[in-house]
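These notes concern the structure reproduced below.
Residue numbers begin at 1 in each chain, while the letters A, B, ... track the order of the sequences.
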Amino acid sequence: MPAKKQYWLMKSEPSVFSIDDLKVCKMTCWDGVRNYQARNFMRDEMKRGDGVLFYHSNAQPSGIAGLAKVVQEAYPDYTAFDPKDVHYDPKSNPGKPTWYMVDVKYIKTCHSIISLERLRKIAGLKNMLLLRHGRLSVQPVTPEEWKMILSLSEWD
DNA sequence: GCCAACGTTGGC
DNA sequence: GCCAACGTTGGC
């Protein structure tokens, strides 16, 4: 019996990497996460097949832009070892990696962005981590929240 | 282990 | 570009 499907929200600045970029390349490694809480979710809990809400941060407007799914479970984020990479971490050690990433695959795009402003107005989402701990870049989403958010938009 | 200084995220 | 929230660092 397969493990129960879990759900996540992952943030990206669309000026760096947007849902349209993911649509074009179909799949990407989610590199550059340098926060321990976010790392722990990716490394310890994300499983192949889990659903991902692709969130645009620092955007006009910020909000949920599309859906993706986890296709490869955590492995070391090699950008941490590359001095030329913007996400280089001089303290990390290839023999004992600090940072991990997963691979995610494009599923579909929101007809129009589900803005943060709109999410805040929905009673059933009051306890969503996104609305309570704004800065966490990888965070769990409950099945109820997932279902409710999917019902808020048409999807291409 | 405390906490001030500092850096980063991300909404606006 | 501003700045609040909050994570990290390092002196003690």
Stepwise side chain to side chain contact (heavy atoms under 4.5 Å, CB included) test for A:Leu116 and A:Arg118: CA-CA 5 Å; A:Leu116 183 61; A:Arg118 182 167 172 216; over 6 Å; no
5′-ward residue of the pair A:Asn58/A:His133 relative to DNA chain C: A:Asn58
Base of B:dT8 paired with side chain of A:Arg135 (donor-acceptor, under 3.5 Å): yes
Length of the line joining A:Tyr36:OH and C:dT9:C1', which is rounded to integer Å: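 Nearest whole value for this atom pair: 11 Å.
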Whole-Å distance separating the CG atom of A:Leu131 from the P atom of C:dC6: 13 Å
[N] phosphate, OP1 or OP2, under 4.0 Å from [X] side-chain N/O:
{"X": "A:Ser62", "N": "B:dG10", "result": "no"}
{"X": "A:Lys91", "N": "C:dT9", "result": "yes"}
{"X": "A:Lys11", "N": "B:dG10", "result": "yes"}
{"X": "A:Tyr55", "N": "B:dG11", "result": "yes"}

Candidates A:Tyr75, A:Tyr36, A:Tyr88, A:Phe81 - the one meeting ring-ring contact (aromatic ring centres under 6.0 Å, His included) with A:Trp99: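 With A:Trp99 as partner, A:Tyr75, A:Tyr36, A:Tyr88, A:Phe81 yield a single ring-ring contact (aromatic ring centres under 6.0 Å, His included), made by A:Tyr36.
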CA sep, side-chain torsions, deciding dist, call: A:Asp77, A:Arg34, salt bridge (charged side-chain N to carboxylate O under 4.0 Å, His left out): CA-CA 10 Å; A:Asp77 179 347; A:Arg34 297 291 179 267; 2.9 Å; yes
Mutual orientation of the aromatic rings belonging to A:Phe54 and A:Trp30 [parallel < 30°, tilted 30-60°, perpendicular > 60°]: perpendicular
